[in-house]
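These notes are about the structure you will find just below.
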Amino acid sequence: MIDSNPVSTPSEKRAEEVEDSPLEKSVPYRQAVGSLLYLAMTTCPELSYAVSTVSEVLDCPKKSDWQAVKRIFKYLNGTREYGLFYKSDTKLKLDCYSDSDFANDNFSRRSRTGVLMTCGTGAISWLSRKQPVTALSTTEAEYIAACKGTKEMV
């Protein structure tokens with residue numbers, strides 16, 4: 001993917017395909033997602049959402065899932081110069097941001113939580129996970145996300 005055309009976002013809203021064929025066993029899907037998980041957990045918080053969605057189908061990936069993985073690599077190709085930057089001369093203030101999408105999973109109708117914690121000007125902790133329960137409203141989904149952010153902060 002080193003010669004691929006870069007894209008501006010790591011993921012895009014994918015339409016649910018009715019007839020999507022399974023991926024061949026020779027495609028290194030698990031290895032690619034494992035590498036992306038490492039990046040998303042250690043140095044690239046902007047990949048958290050995209051990587052968490054492609055890691056949900058490790059047991060039986062489809063061709064559209066492989067396209068999503070390749071899109072993440074194309075994004076990385078265009079953002080090689082990006083990185084986390086921590087300044088030593090800034091005030092150390094702890095901030096936590098959380099958000100959720102309401103019932104975005106078409107199969108389970110569960111929401112996804114995103115949390116970002118910063119100290120000063122740099123990100124120190126981040127996550128993107130599917131919520132463990134089905135929220136009945138956008139407000140409930142936001143409360144669950146805020147609770148997750150609070151737990152992370154504590």
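As a basis for the values below, the full set of heavy atoms in this structure was taken, side chains included, without hydrogen atoms, waters or symmetry mates.
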Side chain to side chain donor-acceptor pair (under 3.5 Å) partners of residues 140-154, not counting sequence neighbours, each pair once =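 Checked against side chain to side chain donor-acceptor pair (under 3.5 Å) - neighbours excluded - the pairs reaching residues 140-154 are Ser100-Glu142, Ser125-Glu152.
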
How many angstroms lie between atom [atom1] of [X] and atom [atom2] of [Y], to the nearest 0.5 angstrom?
X: Tyr97; Y: Met153; atom1: OH; atom2: CE; value: 9.5 Å
X: Trp66; Y: Glu24; atom1: CH2; atom2: CD; value: 10.5 Å
X: Ser48; Y: Leu36; atom1: OG; atom2: CG; value: 11.5 Å
X: Leu47; Y: Thr79; atom1: CG; atom2: OG1; value: 7.0 Å
X: Thr134; Y: Ile144; atom1: OG1; atom2: CD1; value: 8.5 Å
X: Glu46; Y: Tyr82; atom1: CD; atom2: OH; value: 9.0 Å

Are the side chains of [X] and [Y] in touch, meaning some heavy atoms are under 4.5 Å apart?
X: Ser4; Y: Phe73; value: no
X: Lys62; Y: Val57; value: no
X: Lys63; Y: Pro61; value: no
X: Leu23; Y: Asp65; value: no
X: Pro10; Y: Val51; value: no

Tell me the closest heavy-atom pair linking [X] and [Y], and the distance in Å.
X: Phe102; Y: Ala141; answer: CD1-CB, 4.3 Å
X: Asn77; Y: Asp3; answer: ND2-C, 4.4 Å
X: Tyr75; Y: Thr9; answer: CD1-C, 3.6 Å
X: Met41; Y: Trp126; answer: O-CZ2, 3.8 Å
X: Cys44; Y: Leu76; answer: SG-CD2, 4.4 Å

Under 3.5 Å, side-chain donor or acceptor atoms of residues 111-118 against the rest of the protein: list the pairs with distances, not counting sequence neighbours.
unit_1, atom_1, unit_2, atom_2, d
Ser111, OG, Asp101, O, 3.1
Ser111, OG, Ala103, N, 3.0
Arg112, NH1, Ser52, OG, 2.9
Arg112, NH2, Glu56, OE2, 2.5
Thr113, OG1, Gln131, NE2, 2.8

message = Donor-acceptor pair, distance only, cut-off 3.5 Å: does the side chain of Tyr86 make one with the backbone of Ala123?
response =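 Checked: pair present.
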
